[in-house]
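The next block holds one structure in the form of structure tokens; read it before the comments.
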Amino acid sequence: MEKQNYQGKGNHHASYREKLAGDTVRCILCPHCCILQDGKTGICRTRENFGGELYSKSYGNPCSISVDPIEKKPLFHFFPGSEIYSIATAGCNFHCLNCQNWSISQELSSEQRRYNLSPDEVVKEALLHNTGSIAFTYTEPTVFYEYIFDIAKIARGKGVKTVMISNGYINEKPLLELCRWLNAANIDLKCFDDSIYKKLTGGRLQPVLDTLKTLKNNGVWLEITNLIIPEWSDSPEMIKSLCRWLADNGFKDTPLHFSRFFPNYRLSQLHPTPESSLVKAREIAEKAGIKYVYIGNIPDLHGENTSCPACGHRLVERDGYLVKQNDIKASQDEKNPFRKGLCRYCGEVISGVWA
Ligand code: SF4
């Protein structure tokens, strides 16, 4: 392929790269910092060195589009009960043994090209579907960074919110740039042990913790998911350490979603997470002072309702992804970027973006 024809058809000049000797390039978008020789693709399989230039191969070609309830992301404190236009392109910078979307996350974007949508068209589609927000989800949004960046900028201008559902494995500089346009994120904190992180995902723990702080400190509404996998991330001691770190680092008001694992992909030999492990995790988190703790993927447990941390009244009743009742009053405080809500019964501030 000639160099001048390489741009287009999903190939787009990639940001966050450094030129090395000859035609070698280092990608500095995520902490892997892949060094790519001419013709090589990074760990995420979406960024390629072509003739000494770095290209993103996933710009404008989502492989998955859907309109979902926002609770599915999960985001429970950000416009509850609303619908969100959701897109993904192929590729991921993690190779999780338990990946639920491996058929698209571990594929090449060229093999998964299904739609052809410019950033402008994505925002128009979201408006056509009458959703007030767009989610970058299913695979890893970091690896289609240039695409989400352009979408988020256009969306901001049209009053459409943008949300990233991510593993949090991104370098600080690109993340800070993105924080200017992004409204909310749910970050998957896989476990609290660096060696398990490495074996389970191929990434490291510390950059994910750094991402949590950067999002929180830069005006992006944040929720955290921790999938509890038997034999990998179910140790009460590890969950204690995770919750203690969250409490000690200013995340007591950040919703924490413990999620049930189901056997999948390369961990299909394991059993689903026992209910007791999730209940124990919730106890540990509440004891550490985390105010909003949820249990997902076990409908009978009713672990998805929101209660007031002060008076204990149930404020949001959920049935799966359905919001059946919402007793949170939106605060009229315009200065507060998150428009905190108030408990209808005692007036306690409930963190989130409610209206
Ligand atoms: S975004 Fe992809 S190419 Fe860039 S450093 Fe991360 S894994 Fe490597």
Side-chain angles (χ1 to χ4, degrees), residues 6-7 10-63 87-97 99 101-102 104-113 119 136-152 164-179 181-182 185 187-190 194 197-212 214-215:
Y6 198 64
Q7 176 106 353
N11 302 318
H12 189 277
H13 273 293
S15 46
Y16 298 101
R17 79 275 178 197
E18 288 171 350
K19 272 268 196 202
L20 300 179
D23 277 342
T24 305
V25 179
R26 180 191 283 127
C27 175
I28 49 172
L29 177 58
C30 92
H32 287 307
C33 291
C34 300
I35 294 178
L36 307 174
Q37 286 167 349
D38 190 9
K40 296 293 180 197
T41 306
I43 289 171
C44 60
R45 307 176 84 195
T46 67
R47 295 165 87 79
E48 184 177 61
N49 178 344
F50 186 83
E53 297 287 339
L54 188 65
Y55 288 88
S56 159
K57 296 165 72 69
S58 50
Y59 193 98
N61 59 333
C63 62
I87 63 167
T89 75
C92 185
N93 53 354
F94 275 5
H95 302 304
C96 299
L97 300 178
C99 184
N101 291 326
W102 58 270
I104 51 175
S105 73
Q106 303 303 315
E107 279 287 351
L108 296 174
S109 43
S110 53
E111 287 163 6
Q112 289 286 335
R113 186 168 293 144
F136 310 116
T137 179
Y138 309 133
T139 57
E140 176 46 48
T142 295
V143 306
F144 49 106
Y145 180 88
E146 292 77 13
Y147 192 37
I148 69 174
F149 190 90
D150 289 352
I151 294 169
M164 178 168 91
I165 312 303
S166 168
N167 61 24
Y169 212 60
I170 179 169
N171 282 333
E172 188 185 22
K173 210 169 160 196
L175 180 60
L176 277 171
E177 267 299 299
L178 192 59
C179 286
W181 308 104
L182 200 66
I187 300 297
D188 204 355
L189 178 56
K190 310 268 179 188
D194 196 54
Y197 234 96
K198 188 109 190 63
K199 283 186 215 144
L200 187 66
T201 71
R204 289 173 291 124
L205 169 63
Q206 188 58 49
V208 182
L209 300 180
D210 295 341
T211 288
L212 297 179
T214 303
L215 289 166

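Every value quoted in this text rests on a predicted model; they were computed, and no experiment measured them. Order of listing sets the numbers, starting from 1, for every ligand and every atom in it.
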*Under 6.0 Å between ring centres, would you say that holds for His12 and Tyr55?*
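Not close enough - the centres of the two rings lie 6.0 Å or further apart.
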For [atom], what is the nearest protein heavy atom, given as residue, atom name and distance?
{"atom": "atom 6 (Fe) of ligand 1", "answer": "Cys30 SG, 2.4 Å"}
{"atom": "atom 4 (Fe) of ligand 1", "answer": "Cys27 SG, 2.3 Å"}
{"atom": "atom 1 (S) of ligand 1", "answer": "Arg47 CD, 3.5 Å"}
{"atom": "atom 7 (S) of ligand 1", "answer": "Cys44 N, 3.5 Å"}

Would you mind listing which atoms of ligand 1 come within a distance below 4.0 Å of any non-hydrogen atom of [X]?
{"X": "Cys33", "value": "5 (S)"}
{"X": "Cys34", "value": "3 (S), 5 (S), 7 (S), 8 (Fe)"}
{"X": "Gly42", "value": "3 (S)"}

Worksheet entry | Worked check of side-chain hydrogen bond (donor to acceptor under 3.5 Å, both in side chains) between Ser166 and Glu140 | CA-CA 6 Å; Ser166 168; Glu140 176 46 48; 2.9 Å; yes
Structural part of Pro31 in contact with ligand 1, heavy atom criterion under 4.0 angstrom
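Pro31 to ligand 1: no contact under 4.0 Å from either part.
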Would Tyr169 and Phe94 count as a ring-ring contact (aromatic ring centres under 6.0 Å, His included) if you check the C-alpha gap in whole Å, the side-chain angles of each, and the deciding distance to 0.1 Å? CA-CA 8 Å; Tyr169 212 60; Phe94 275 5; 4.8 Å; yes
So, do Ser15 and Tyr145 sit near enough that their side-chain heavy atoms are less than 4.5 Å apart?
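The answer is yes; the side chains approach within 4.5 Å.
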In Å and rounded to the nearest 0.5 Å, what is the NZ to CG distance from Lys173 to Leu178?
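Output value for this atom pair is 14.5 Å.
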Note to self: Tell me whether the rings of Phe144 and Phe136 are parallel (<30°), tilted (30 to 60°) or perpendicular (>60°).
What the structure shows: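 Rings of Phe144 and Phe136: perpendicular, over 60°.
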